[in-house]
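No hydrogens, no waters, no symmetry mates; every other heavy atom, side chains included, goes into these values. In what follows, chains are A, B, ... by sequence order, proteins preceding strands, each numbered from 1.
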Amino acid sequence: MKIYNSKTRQKEEFIPINNGVVNIYSCGPTVYNYFHIGNARPFIVFDVLRRYLEKLGYKVNFVQNFTDIDDKMIKRANEEGISVKELGDRFINEYFIDADALGIMRATKHPRATEHIGDMIKLIVKLINNGAAYQSGNDVYFSVKDFPNYGCLCGQNLDDLESGARIDIDSNKRNPLDFVLWKGHKEGEPGWNSPWGMGRPGWHLECSAMAIKYLGETIDIHCGGKDLLFPHHENETAQSEAATGKPFVHYWMHNGFININNEKMSKSSGNFFTIRDLSKKYDLEVIRMFMLLSHYRSPLNYSPELIDQASSSLNRLYNSISQLNILIDNSTSFDSEMDNNFKTVVEKLKDSFKDSMDDDLNTADAIAAMFDFAKYVFSVKENTISRNTLIYAKETMYDLADVLGILRKREESIPDQIQDLLDKRQEARLNKDFKLSDKLRNEIESLGFTIEDTKLGQKVKRK
RNA sequence: GGCGCCAUAGCCAAGUGGUAAGGCGAAGGUCUGCAAAAUCUUUAUUCCCCAGUUCAAAUCUGGGUGGCGCCUCCA
């Protein structure tokens with residue numbers, strides 16, 4: 001599999017450090033609010049990365065943190081009149097509700113920053129001992145000048161970064177680019193004891209500490225939004241490598257941004273949507289489909305029209321499954337030549353899907369392969385393909401869909417009560433008693449199901 | 001000022017040297033008691049513009065134009 005590595009700015013063949021195992025760290029949410037559609041993109045696309053690597057047979061250790069202590073957390077907790085801990089607890093719960101609805105798998109570990117303060121302090125001590133960090137007042141800073149590789153990830157040298165740096169009149173710093181590892185305690189903020197007195201950790205530090213703790217000093221893949229490349233990931237690298245003396249990350253992956261009606265999402269102009277809000281209007285599987293219909297590194301525009309397009313596209317895939325079901329249900333004979341052709345097409349689907357995914361997670365292309373197969377399914381005539389082959393085809397489609405986390409609504413059982421009404425309606429239709437059949441349809445619909453009359457009978461779906 | 005990305009039909013979007021995938025929409029057809037749905041066919045002589053390299057360019061090179069991101073918290 002090839003992965004575009006942000007560090008080298010090219011696609012590289014992915015080779016894990018340990019055979020058969022992949023360690024991934026993905027930057028998680030700051031849990032001060034519901035997460036929005038922009039936050040959702042990395043969660044979804046890197047969930048697909050994880051699913052695909054597992055599909056390839058790797059054991060994947062996927063760590064995604066919760067940032068539950070920072071300025072935004074403190075501000076929001078104060079506004080709500082609750083503790084930072086309570087705020088974190090609440091929005092971690094809310095995170096899982098939305099993530100589950102989006103089909104995002106639970107990470108193998110979801111560490112919370114506040115539960116790893118000790119690990120962070122140890123890391124700072126190491127950095128100070130290595131001469132990479134210094135105490136200034138009640139704060140501790142990382143000294144970028146003492147880390148020769150600073151700027152390596154983002155592709156800029158120190159001078160350029162300094163000249164571009166916006167005003168930072170923090171007299172505690174030796175260099176404007178130095179960043180805080182430990183913040184001295186302020187009134188009204190939570191604090192922890194440390195060798196430098198009460199205080200709290202800097203944001204960049206937590207990811208380094210937790211990544212090293214759970215995945216080791218060198219990890220395979222680290223991912224996150226494009227905007228985190230600098231300074232967050234640059235700083236993480238600097239801290240980690242200065243502390244361990246080892247390369248921190250082999251492959252860096254960054255997803256592109258989501259714009260709202262072609263404008264950058266910003267809270268001030270109010271053009272952002274939380275997943276929770278969208279869940280009231282859309283099936284979140286559609287949102288997931290929407291994200292996967294384009295490449296994860298491309299910028300992606302959100303608009304209701306595009307969601308509708310994604311919805312229709314997803315529907316076509318569902319229809320192909322329904323069509324397979326109809327063919328399976330009515331299969332009594334087959335033609336061996338056509339059956340073989342069909343098998344070949346299924347294999348071709350698997351190959352194309354894999355080729356696309358191997359090419360830096362080209363989900364758009366992978367889905368196109370599924371559409372191609374869908375088209376083929378619709379062209380199949382009854383009783384030309386064997387039942388087993390059809391079932392294999394359906395399982396293959398579900399298998400691939402599982403990698404993407406779509407087509408999650410699988411066959412559901414129809415309650416007996418509904419089945420009775422359906423039988424009665426079918427009878428009425430055969431007797432051409434359309435008054436009764438329409439009445440029964442209304443009744444069934446009022447119970448939360450929709451009916452479509454097809455050649456082969458009534459198709460029922462839960463609304 | 002520094003670093004980087006992008007430009008393909010009405011909309012979205014793959015394709016990075018071999019003659020334009022796919023989806024949505026639209027138009028027309030099929031199916032149909034009604035309704036709804038579904039499905040089929042058609043829908044870019046051409047890939048922002050100009051030059052160059054090549055037997056061959058959407059793809060490579062140079063130069064324009066237009067849009068965007070990062071350099072500050074940010075997915």
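Among the protein residues, A:L229 comes within range of no part of the nucleic acid, since none of its heavy atoms lies under 4.0 Å from any strand. Residue A:G224 is in sugar-phosphate contact alone, with no base atom involved, counting any heavy-atom pair closer than 4.0 Å across all strands shown. Within 4.0 Å of A:H254, counting heavy atoms only, lies no atom of the nucleic acid at all.
Pairing of B:G33, defined by two Watson-Crick or G-U wobble distances under 3.5 Å, is not identified with any nucleotide. Within the shown strands, nothing qualifies as a pairing partner of B:U54 under the Watson-Crick or G-U definition with both distances less than 3.5 Å. Base pairing of B:C24 is made with B:G10, judged by Watson-Crick or G-U wobble geometry with both donor-acceptor distances under 3.5 Å. Checking B:U16 for Watson-Crick or G-U wobble geometry (two distances, each under 3.5 Å) identifies no partner in any strand. For B:G1, the paired base is B:C71 (Watson-Crick or G-U wobble, both distances below 3.5 Å). For B:C48, the paired nucleotide is B:G64, the pair qualifying as Watson-Crick or G-U wobble because both relevant distances are below 3.5 Å.
Residues A:K145 and A:E162 are paired through a salt bridge, judged by an N-O separation under 4.0 Å between the basic side chain and the carboxylate.
Between A:N39 atom CG and B:A75 atom P the separation is 5 Å, expressed in whole Å.
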Problem set entry | Annotated protein contacts, base or backbone, on nucleotides 34-40 of chain B with a non-hydrogen cut-off under 4.0 Å, one of B, S, - each | BBBSSSS

For this session: For nucleotides 1-11 of chain B, just jot down a letter per nucleotide in 5' to 3' order: B, S or -, based on protein non-hydrogen atoms under 4.0 Å.
Result: BBSS------B

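Which of B:G33, B:A14, B:G69 sits closest to the side chain of A:F434 comes down to B:G33. You'll find that the side chain of A:S298 is closest to B:A14, out of B:A14, B:C24, B:A21.
Put simply, the side chain of A:S313 and the base of B:G22 share no donor and acceptor less than 3.5 Å apart.
Within a 6.0 Å radius of NZ in A:K439, no more than 12 heavy atoms belonging to other residues, nucleotides or ligands are found.
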